[in-house]
Amino acid sequence: MKALAPEWARAFFTKEVSSMAESEKERYEDSDLYRIRHSAAHVMAQAVLEKFPQGKYTIGPPIEEGFYYDFELPRALTPEDLEAIEKRMRAILKEKHRFVKQVISADDARHIFKDQPYKLELIDGLAAGGFDEYGNPLDEKPEISIYTHGDFVDLCRGPHVENTAQINPEAVKLMNVAGAYWRGDEHKQMLQRIYGTAWKTPAELEDYLWRLEEAKRRDHRRLGRELDLFSVSEDVGPGLILWHPKGGMVRKIVEDFCRAEHEKGGYEFVYSPHIGKANLWEISGHLGWYKENMYAPIEIEGQQYFLKPMNCPFHIEIYKSHIRSYRDLPMRFAEWGTVYRFERSGVLHGLLRVRGFTQDDAHLFCRPDQMAEEIDRVLQFSLNLLRAFGFKDFQAYLSTRNAEKFAGSAELWEAPTEALRQALIRAEVPYQIDEGEATFYGPKIDIKMRDALGREWQLTTIQFDFNLPERFDLTYIGEDGQPHRPYMIHRALLGSMERFMGVLIEHYAGAFPVWLAPVQAVLIPIADRHLEYIREVAAKLKAAGLRVEIDERSERMNAKIRDAQNQKIPYMLVVGDQEVSQGQVALRLRSGENPGALSVEAFLDKARQDIQQAV
RNA sequence: GCCGACGUAGCUCAAUCGGCAGAGCAACCGCCUUGUAAGUGGUAGGUUACGGGUUCGAUUCCCGUCGUCGGCUCCA
C-alpha cells in the first residue's frame with residue numbers, strides 16, 4: 001500500500017504544505033495514536049524476536065492507520081505465526097512495561113546492536129549525519145537514542161507511550177505479511193514486513209475494520225464486475241482493459257464532456273498512430289531512458305517500429321510539419337492517445353495500473369513570455385475538470401530539479417519552476433514540494449487522488465520539458481526574424497481514462513450522478529398489461545435524451561426494484577393501473593426515497609434539473 | 001520482477017483422512033400478473049486455471065507455467 005509507506009507518511013505530515021492547508025490540525029507525529037502505534041511496533045518486534053531469536057530486526061514506523069515492522073527471519077511467516085505473535089503481544093502489553101529513552105553514543109549503540117547488521121547500518125547512517133532511519137537525507141546530525149521496555153531494546157528516536165498499559169490489547173490487530181526490500185531497494189535483501197493496526201479503543205479498531213470492509217464494497221474491480229462496466233480477459237492479457245457497454249457509456253460521457261471543454265479551452269485535436277519507427281524514438285531519447293517500459297519492436301520491411309509509450313514525439317512532428325511563427329503560439333495539440341507501457345506483473349491493479357491506456361494528452365508549445373499564463377491556465381483548467389466530476393480533495397505535488405540529473409541549465413529551470421509554484425498558489429490548492437523529484441527533463445505538477453483504500457494515484461500531470469525541443473530542434477520564428485526555441489509542456493489532466501474511471505467509480509461507489517449514469521432510469525411495469533404504455537413513455541424519455549431501459553422480465557415488481565437498486569440506477573419508474581390511467585409514472589430514487597406519482601413531463605423536468613446540478 | 005497467499009459452474013462459496021464434485025444466486029423453460037429491496041416449479045451448467053509427477057485412485061500431495069490478491073519497487 002503505497003499510501004501507507006513511511007516516506008509518504010513522513011512527507012505528508014512534515015514537509016512544506018501551503019498556507020491553505022489547515023495548519024491548526026495536530027500533527028500525526030505528536031498524537032497519542034502515533035505513540036501507541038510506534039510502541040505497538042516495538043512490542044511486535046519483541047514478540048517476533050522471542051519466537052525467532054536468530055531473527056534480524058530493521059525498522060518499524062507508525063503509518064497512516066497502523067504500523068509495520070520489517071524483519072529478516074529464517075523462514076516465511078504463516079497466518080498461524082501472526083496469531084501467535086498477536087497473542088504474545090497482548091500478554092506483553094498487559095505486563096505494564098515502561099518505555100525508557102536513553103541518548104547514547106554511536107559506539108555504545110554499535111555495541112548494543114552488535115548482532116544486528118541492519119541496526120548497525122542505521123547507526124552508521126545516523127553517525128555520519130547523512131541519513132535518518134529510513135535512509136532519507138538529513139539536514140543536521142541527529143542524536144542517537146534507544147528505547148527500552150522490559151528486556152527489549154530498539155534503536156529509535158521515539159516518541160512512545162510511557163507504559164505499555166496505555167495500549168489497549170484489544171485495540172491492536174496484526175493485519176498481514178508482505179515482502180519489502182531493505183530500504184525499498186530491489187537490489188537489497190527482501191525482508192518480511194508485518195502490518196498491524198492499533199487504536200485507542202476496541203471500538204475504534206472495530207470501526208477501522210468496518211471501514212476496510214466498506215472500502216472493499218466500493219472497490220472498482222468489484223463494482224466493475226457487478227455493474228458490468230469492464231473486465232480483463234486472461235486470453236487478451238493482464239493489464240489490458242475490455243470496456244463493456246455500460247462502462248463504455250460512462251467513459252464516452254466523460255470523454256465527450258472533456259473534449260468539449262478542451263475545445264472551449266483553445267485546444268486543437270490531433271490524431272496519431274500507435275506505432276512509430278525506431279529512429280523517432282532514438283531522436284526523442286525514449287530508446288535511451290524509457291526502453292524498459294517499451295514493448296519489443298515490430299519489424300516491418302526491414303524497419304523496426306515501436307508501440308508508443310507516449311504521444312509526444314508525434315505531436316512534435318505535427319509541430320515540425322511547418323515553420324511556426326511567434327504569432328502561431330501558443331499551440332495546444334490534444335489527443336486521446338492510447339499508449340502501451342510495460343509494467344511488471346506484480347504492479348498491475350484493476351484499472352488503476354494497466355499496460356494499455358488512453359491519456360487525455362496534450363502538448364503545449366509557447367513562447368517564454370507566454371509560459372506563466374499557459375501554466376496558470378492549464379492548472380486552472382485541470383482543477384475545473386476534476387471538480388466537474390465531483391472531486392474536491394486534491395493533493396498536489398510540485399517536483400523540483402534533481403541536483404544530479406537535469407537537462408539544460410539550473411537557470412533555465414528557475415522561471416518555469418516558479419511559474420508552477422505561483423500557479424498552485426493562485427489556484428489555492430494545498431500542495432507539497434517534492435524537492436529534487438522531477439524527471440531529468442523538467443519540473444512538474446502532479447495531482448493525486450485517493451482510491452477507496454486510501455492509496456494515492458496520480459491523475460493530472462503538468463510537465464515542463466527542456467529536453468525534447470532540443471532533441472527535435474523545435475523552433476519558431478520570432479519578431480526579430482530569427483529562430484527561437486519554444487517552451488514545451490506535456491499535460492494529461494484526467495491522466496488516463498482507465499485510471500480516472502477507476503477513481504471515479506470508487507469516488508461514487510458505483511452510484512454515478514445522473515449525468516454520468518449509464519442507465520439513468522429503468523421503467524418497471526407492475527403487470528404485463530402496462531407494457532404498451534411503458535413503451536410510449538420510454539420513447540418519450542429517449543427522445544428527450546434520457547438513457548432508459550424497460551424491465552420486461554417476468555418478475556415481481558419487488559425483484560425488479562431490488563435489481564435496479566443493486567445496479568444503482570438513479571430513477572426507478574414504476575407503472576401500474578393508476579399511472580396508466582393518469583398518464584403518470586411513480587418515481588422511486590436509489591436513495592430509497594419515494595417521491596411517488598408524477599407526470600412524464602414533471603419527471604423529465606426533475607431529471608433535467610438533476611443532470612444540470614450533477615446530482 | 002521480488003516476497004507471501006490464492007485459483008472449484010457466470011458470481012459467492014462447500015466437498016471429513018487422497019475414494020463417484022455440491023449449494024445459493026444468475027442463466028434457460030414453465031406457472032403466477034404482481035404496488036416499492038429477492039413469488040414459484042423445473043432444466044442446463046465442470047477435463048476442479050493449464051501442464052507434468054507421486055498413487056490402485058488426486059479438487060486434495062509434489063514440481064512447473066499462467067493468472068488473481070496484498071505488499072516492495074516504479075508510474076498515467
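Since the model is a prediction, treat every value here as computed from it, not as a measurement.
If you check distances only, the side chain of E234(A) never reaches the base of rG7(B) with a donor-acceptor pair under 3.5 Å.
Looking at heavy-atom distances under 4.0 Å, D528(A) makes contact with a base. Contacts of D563(A) with the nucleic acid, taken as non-hydrogen atoms under 4.0 Å apart, are absent. Across all strands shown, R225(A) has heavy atoms under 4.0 Å from sugar-phosphate atoms exclusively, and none from any base. If you check every strand for non-hydrogen atoms under 4.0 Å, G179(A) touches a base. Within the 4.0 angstrom heavy-atom criterion, only backbone atoms of the sugar-phosphate kind lie near Q463(A); the bases stay farther away. Using a 4.0 Å heavy-atom distance criterion, N566(A) is classed as a base contact. Residue-level contact check: V354(A) touches the bases, meaning some heavy atom is under 4.0 Å from a base atom.
Summarising the geometry, the separation between CG on L240(A) and P on rG67(B) is reported as 11 Å, rounded to the nearest angstrom.
Between R221(A) and rG70(B) there is a side-chain polar atom (N or O) within less than 4.0 angstrom of OP1 or OP2. Between Q359(A) and rA76(B) there is no side-chain polar atom (N or O) within less than 4.0 angstrom of OP1 or OP2. Contact annotation: S345(A) reaches the phosphate of rG1(B) (side-chain N/O to OP1 or OP2, under 4.0 Å).
Using a cut-off of 4.0 Å between Lys/Arg side-chain N and Asp/Glu carboxylate O, D219(A) and R221(A) are scored as salt-bridged. Note on D360(A) versus R259(A): no salt bridge recorded, every NZ/NE/NH1/NH2 to OD/OE distance being 4.0 Å or above.
F67(A) has its ring centre no less than 6.0 Å from the ring centre of H38(A).
Between F357(A) and rA76(B), a base-stacking contact is recorded: ring centres under 5.5 Å apart, planes less than 30° from parallel.
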Worked verdict on Y295(A) versus R355(A) for side-chain contact (heavy atoms from CB on, under 4.5 Å): CA-CA 10 Å; Y295(A) 289 98; R355(A) 284 182 172 160; 3.2 Å; yes
